[in-house]
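A quick write-up on the structure given underneath.
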Amino acid sequence: MRLKCPLCGDRDRREFYYSGTDDYLNRPAADAPLSAWDDHLHNRTNPAGLTRDLWYHEQGCAQWLAVTRNTITHEIMAVDLVAKERAK
Amino acid sequence: MRYSGFKVITEGLFGNKGWKPAWRDAAPKAEYDAIIIGGGGHGLATAYYLAKNHGLTNIAVLEKGWLGSGNIGRNTTIVRANYFLPGNSEFYSHSLKLWEGLEADLNYNVMHSQRGLINLFHSDGQRDAFARRGNAMINQGDDAILLDREGVREHLPYLDFEQTRFPIYGGLLHPRGGSARHDAVAWGYARGADRRGVDLIQNCEVTGIDVANGKVVGVQTTRGPIKAAKVGIVVAGRSSQVAAMAGMRLPIESHILQAFVTEGLKPVINHVVSFGMGHFYISQSDKGGLVFGGDLDFYASYAARGNLPMVEHVMEAGMTLMPMIGRAKVLRSWGGIMDMSPDGSPIIDRTHVEGLYLDCGWNYGGFKAVPASGWCMAHLMATDTPHDVARRFRLDRFATGHLLDEEGTGSQHNLH
């Protein structure tokens, strides 16, 4: 697998650290009920098909990337900078 | 038909014309007392023990493909009871005892071979941890022998003991550990369940779970609706999709684990050997192929095939540990879909829907658990109470903090 980093270009999968679903971007408030934190940390939609997850370009630009891909075919549709989305 | 050595000989003399199919190709009825979704190892074992231990025979196993077409037919076949934590320890101990009586119980040769499992260690700290694990195994009633370097050399003279990165300090020998013939486990349970009247329904994909007033009432399938007051979800890597039909989001992420097998060789590796520091383990099948694997590819996937970096990593680890395998040719490799839970331990529990039960989260260790998983899931479905050895495999343990984190790495999805 190769990911096209928006800053560095096409790079080998080994340069990236995989974190998991982009649910991690939607962090509950500090005073949210425990059930919300449990859901955030543990429960997953875990789709067979289109998913969006977070990859850290550890051996490149050190940016967090949101990758839209297909978990059945391994096709990669889009790679976005999380920082850019956050700035919107 | 009862299988025996005598039967093999008499059939051989008369052209093998007397063999019958091992199970019926059942068509779905309109209603059952209980339905098990998933005709893999765990699902078939659940059906078998529901019929055998609890007398429930008006039940069906629904399988979207053919029996044993998932991870039970594509794993590295290791059987062991070397767990440390209360909760895991008694469960896997129970499973190993069931393995030891399985062939006589099923009247089916699953080729269970207790050839001994050796986990290698490479530092003083790791030796202490393995000594502690060995003591826990002995306290549980199972067996463990701590070997020093020379002790390992007696068993495994072909290892590279002086490798610079991970010199071998010793190993923990688990003599009752070993392997079994994976397909035969599925077939043996299928035949045993069928003989007790269980309907094994293939090419029957569940497309919906019917719930009324908080109770399960049946399922929708590609072969029509089927009613049942009890439904068990036993679908491994596809657990999230099936549970979603009942409105649930599970603490499960599906990952790829790759495995490899070489061409058949003469007997050379007599044990199951695991090299944890290099993420590598190996055994030799009865056909002669070296069966080995490594770690996850570490990203969510349902593709059932892996990536080259992990192939390279596993081969490197194998060459580091036992350079003699370098001339063996890899025949094939494959990837399985692992239902990974945050703490690396399974779930056998009730759900928020009455009559709907869940058996999932087997991570990369489901094969050895097949007998006890079926035993405990059957107990749960028949009595609505957890079996004593599986009582800690709770669905809510991530919220309550009663984790079963055998590795001690934390309760987070990408750490196991």
Side-chain angles (χ1 to χ4, degrees), chain A residues 1-5 10-28 32-60 64-79 82, chain B residues 64 235-244 247-256 295-313 335 337-343 347 352 360-361 394-403 405 410-416:
Chain A
M1 182 190 285
R2 293 174 77 82
L3 293 177
K4 196 165 184 181
C5 172
D10 216 16
R11 293 302 177 99
D12 188 275
R13 180 257 178 275
R14 278 169 284 198
E15 293 190 7
F16 300 89
Y17 166 79
Y18 175 77
S19 172
T21 165
D22 73 342
D23 290 356
Y24 283 126
L25 296 177
N26 307 313
R27 201 178 163 86
L34 277 180
S35 58
W37 277 99
D38 174 41
D39 198 48
H40 173 69
L41 290 170
H42 304 123
N43 295 335
R44 296 287 171 262
T45 305
N46 193 22
L50 218 56
T51 192
R52 194 162 178 269
D53 42 23
L54 302 180
W55 300 67
Y56 178 58
H57 200 175
E58 197 171 27
Q59 292 172 46
W64 281 96
L65 308 177
V67 177
T68 309
R69 64 188 180 95
N70 187 320
T71 57
I72 295 174
T73 62
H74 286 173
E75 186 187 356
I76 292 164
M77 283 79 174
V79 182
V82 172
Chain B
K64 80 169 174 181
V235 295
R238 293 284 177 166
S239 295
S240 298
Q241 282 75 51
V242 177
M248 299 168 71
R249 261 179 112 223
L250 297 182
I252 296 288
E253 219 174 68
S254 294
H255 281 251
I256 320 164
D295 217 336
L296 294 176
D297 275 34
F298 278 113
Y299 53 90
S301 168
Y302 288 84
R305 63 171 186 278
N307 243 293
L308 289 173
M310 189 49 75
V311 177
E312 186 177 33
H313 178 78
I337 307 170
M338 307 291 116
D339 36 332
M340 302 300 297
S341 69
D343 64 358
I347 296 158
H352 71 290
C360 66
R394 293 176 63 105
L395 178 57
D396 67 358
R397 68 175 184 269
F398 307 101
T400 61
H402 293 84
L403 303 170
D405 182 5
S411 178
Q412 191 177 310
H413 274 291
N414 62 348
L415 294 183
H416 290 274

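All chains are named by letter (A, B, ...) in the order of the sequence lines, taking the proteins before the strands, and each is independently numbered beginning at 1.
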task = Select one option (side chain, backbone, both, neither) describing which atoms of B:I252 are under 4.5 Å from chain A's heavy atoms.
result = both
Chain A contact via B:P342 - side chain, backbone, both or neither, heavy atoms under 4.5 Å = side chain
task = Identify which of A:N46, A:T71, A:T51 forms the greatest number of heavy-atom pairs closer than 4.5 Å to chain B.
result = A:N46
query = Using non-hydrogen atoms only, which part of A:N70 is less than 4.5 Å away from chain B: side chain, backbone, both, or neither?
reply = neither
ask   = Checking heavy atoms, do the side chain of A:Y24, its backbone, both or neither come under 4.5 Å from chain B?
value = side chain
Student check: side-chain heavy atoms of B:Y299 and A:W55 closer than 4.5 Å = yes
request  = Quick one: sort the B:F398 and A:H42 rings into parallel, tilted or perpendicular, breaks at 30° and 60°.
outcome  = tilted
note = So, the part of B:L308 with a heavy atom under 4.5 Å from chain A: the answer is neither
key: Structural part of A:D38 lying under 4.5 Å from a heavy atom of chain B   = side chain
inquiry  = Rounded at 0.5 Å granularity, tell me how far NE2 in B:H413 sits from CG in A:N43.
reply    = 7.0 Å
key: B:H313, part contacting chain A, at a heavy-atom distance under 4.5 Å   = neither
inquiry  = Report which part of A:L41 has an atom under 4.5 Å of a heavy atom belonging to chain B: side chain, backbone, both, or neither.
reply    = backbone
query = chain A heavy atoms under 4.5 Å from B:E253: which part of the residue, side chain, backbone, both or neither?
reply = both
Heavy-atom closest contact (B:R249 atom, A:D39 atom, distance) = NH1-OD2, 3.1 Å
message = A side-chain contact here means heavy atoms from C-beta on lying under 4.5 Å apart; do A:H74 and B:I256 qualify?
response = yes
ask   = Considering only heavy atoms, which portion of B:D297 lies under 4.5 Å from any heavy atom of chain A: side chain, backbone, both, or neither?
value = backbone
query = Has B:H402 got more than 12 heavy atoms of other residues, nucleotides or ligands less than 6.0 Å from its NE2?
reply = no
task = Name the option with the most non-hydrogen atom pairs under 4.5 Å to chain A; the candidates are B:A300, B:S341, B:S240.
result = B:A300
request  = Just do the side chain to side chain contact (heavy atoms under 4.5 Å, CB included) check on B:E312 and A:R14 with the steps written out, would you?
outcome  = CA-CA 11 Å; B:E312 186 177 33; A:R14 278 169 284 198; 2.5 Å; yes
task = Would you give the length of the straight line joining atom CD1 of A:I72 to atom CD1 of B:I337, rounded to the nearest 0.5 angstrom?
result = 8.5 Å
query = Which bit of A:T45 is near chain B, if near means a heavy-atom gap under 4.5 Å: side chain, backbone, both or neither?
reply = both
query = chain A: which of B:R305, B:R238, B:M248 shares the most heavy-atom pairs with it under 4.5 Å?
reply = B:R305
message = Taking A:Y18's backbone N and O only, do any of them form a donor-acceptor pair with B:N414's side chain (distance below 3.5 Å, no angle check)?
response = yes
ask   = Using non-hydrogen atoms only, which part of A:R13 is less than 4.5 Å away from chain B: side chain, backbone, both, or neither?
value = side chain
